[in-house]
Amino acid sequence: MSDDESKVAPADNGAAGAYWRENIRLLISLMVIWFLVSFGAGILFRPFLDQFHIGGFPLGFWFAQQGSIYVFMALIFYYTWKMKRIERKYDLDD
């Protein structure tokens, strides 16, 4: 352990704990959204969604094949945007 690591003030530990709580909360919420879209819309809610169509294909099929990938990509971009804000909030940005 270096000298800098051993000199962490208790207030910094509280800020680090708050940072990680916010980070984990964000990850869990995004993973729940991804689960609902990929497993929920693609498998569980497929019979209901198949009554709607996108581009001539049933909506449940579309989510199972492409929609969950698009949502996953959007979640990645949202995660990076939100993490930059969280890091700025806790003065951890580069």
Side-chain angles (χ1 to χ4, degrees):
M1 182 162 28
S2 70
D3 290 333
D4 293 334
E5 291 175 7
S6 63
K7 295 179 182 177
V8 174
D12 291 337
N13 286 338
Y19 165 78
W20 281 107
R21 278 191 298 280
E22 199 165 341
N23 186 357
I24 297 300
R25 188 178 313 123
L26 174 64
L27 282 173
I28 290 171
S29 63
L30 294 179
M31 293 301 282
V32 166
I33 292 170
W34 186 36
F35 173 79
L36 290 175
V37 169
S38 62
F39 190 75
I43 298 171
L44 296 178
F45 308 126
R46 185 174 178 183
F48 172 75
L49 294 174
D50 280 347
Q51 58 188 325
F52 307 103
H53 289 78
I54 287 183
F57 296 100
L59 187 59
F61 174 78
W62 184 84
F63 267 111
Q65 298 301 313
Q66 295 174 335
S68 60
I69 296 169
Y70 292 146
V71 170
F72 181 63
M73 295 299 294
L75 290 177
I76 290 172
F77 286 111
Y78 178 77
Y79 175 77
T80 58
W81 174 78
K82 185 67 173 176
M83 280 306 297
K84 285 183 188 289
R85 294 187 68 180
I86 291 172
E87 289 174 352
R88 232 179 282 129
K89 177 180 175 181
Y90 292 100
D91 197 29
L92 296 171
D93 55 339
D94 293 334

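Note that the numbering runs from 1 along the sequence shown for the chain. Heavy atoms only: backbone and side chains are in, while hydrogens, waters and symmetry mates are out. In this text the structure is predicted, and so the values were computed from the model without any measurement.
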Separation of [Y] [atom2] from [X] [atom1] (nearest 0.5 Å):
X   : Y   : atom1 : atom2 : value
L92 : M83 : CG    : CE    : 8.5 Å
R85 : E22 : CZ    : CD    : 10.0 Å
N23 : I28 : CG    : CD1   : 10.0 Å
F57 : Q65 : CZ    : CD    : 9.5 Å

If the plane angle is over 60° it's perpendicular, under 30° parallel, otherwise tilted; pick one for Y19 and Y90.
->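 Ring orientation of Y19 relative to Y90: perpendicular.
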With a 4.5 Å cut-off on side-chain heavy atoms, are [Y] and [X] touching?
X   : Y   : value
L30 : F72 : no
W62 : F52 : no
Y78 : L26 : yes

Are F35 and M31 connected in a single hydrophobic cluster, I mean Ile/Leu/Val/Met/Phe/Trp/Tyr linked by side-chain heavy atoms less than 4.5 Å apart?
->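 Same hydrophobic cluster.
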Identify whether F61 and L36 are in the same connected component of the hydrophobic contact network (ILVMFWY, side-chain heavy atoms under 4.5 Å).
->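 Not linked; separate clusters.
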Mark yes or no for whether Q51, through its side chain, and F48, through its backbone, hold a donor-acceptor pair below 3.5 Å.
->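 Side chain of Q51 to backbone of F48: a pair is present.
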Just by modelled atom types, is the F63 backbone N or O under 3.5 Å from a matching donor or acceptor in the S68 side chain?
->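 Yes.
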List, one per line, each side-chain donor-acceptor pair under 3.5 Å for residues 38-46, sequence neighbours excluded.
unit_1 : atom_1 : unit_2 : atom_2 : d
S38    : OG     : W34    : O      : 2.8
R46    : NE     : D50    : OD2    : 3.4

